[in-house]
Amino acid sequence: MIVAITSPARVTPAAPLGKLNAAYVQALQGAGLLFRVIPPLDDVAEASAVLSEVAALVLTGGVDVDPARYGAAPHSKTQPPYPARDASEIALIAAAREAALPTLAICRGMQILNVALGGTLVQDIASQRPTALLHTTAMRRDERAHRVSVQDDSRLAAVIGATEISVNSFHHQALDRVAATLRVVATAPDSIIEGVETAAGDPWWVLGVQWHPEELVGDPEPWDRKLFAALTALPVSTTVSARR
Ligand code: MN
């Protein structure tokens, strides 16, 4: 089974190069998945064609989404925009939604998913939600930093097989107003949103997580491995099966 996974381009003196953290490679290969890396597309009109032979879309972590995408002025802590990546991933999300292509959205991936569907973001948790926990930890990337409660009737709980977990945390932004298409199914003890999904009746299978499960697949706890394993046992929509 082949999944598409987005990546940024890293600009070097020689040329812009696609870049994918090795942890994603380990997580996908560990689940028995083949993958196709999708750096920011030169022509976003090709988004649907780019996804035409894959079984799922994985949206990865990265820099902040341009606040202009959700009608906000940039906060002083918001990173400089990366317009090509935002445009490419928003087009891929629209194409995935149109085709009901199952989508796993990680960290920035969950944030741009929410923005693409009409939601907004908290631009800097530390300054805009001062009573929140520390979500930008200096801990190891494979170390669990805070608890997350998962709603027991959610797809996420069914996938990971648990309702109380702990996760790593490397995000200074979070979901604010949640898109109508998405349902909040996981929160940190400070109410910061840590997981979303589409409604059970929606033909589009979507899971979004604010933590980095790809960094935790070597952990004794199976939760994060199960997130990637879920991509090998997806519900098959007629649209998607016709496109495989
Ligand atoms: Mn967090």
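Please read all numbers here as calculations on a predicted model, not as lab measurements. Whatever order the structure lists ligands and atoms in, that order sets their numbers, starting from 1.
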- [ ] Could you go through the ring-ring contact (aromatic ring centres under 6.0 Å, His included) check for His135 and His146 one step at a time?
- [x] CA-CA 8 Å; His135 287 267; His146 65 72; 4.6 Å; yes
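Trp205 and Leu28 fall within a single hydrophobic cluster, where Ile, Leu, Val, Met, Phe, Trp and Tyr are joined by side-chain heavy atoms under 4.5 Å apart, directly or via other members.
Between Arg97 and Asp202 no salt bridge is recorded (no basic side-chain N to carboxylate O distance below 4.0 Å).
A side chain to side chain contact (heavy atoms under 4.5 Å, CB included) with Leu113 is found for exactly one of Ile90, Leu207, Val206, namely Val206.
To the nearest 10 degrees, the angle centred on the Mn ion (ligand 1) between OG in Ser169 and NE2 in His146 reads 90°.
Under 2.8 Å from the Mn ion (ligand 1) lies no N/O/S atom of Gln210, from backbone or side chain alike.
Summary: ND1 is the N/O/S atom of His135 found nearest to the Mn ion (ligand 1). When distances from the Mn ion (ligand 1) to the N, O or S atoms of Glu194 are compared, OE2 comes out shortest.
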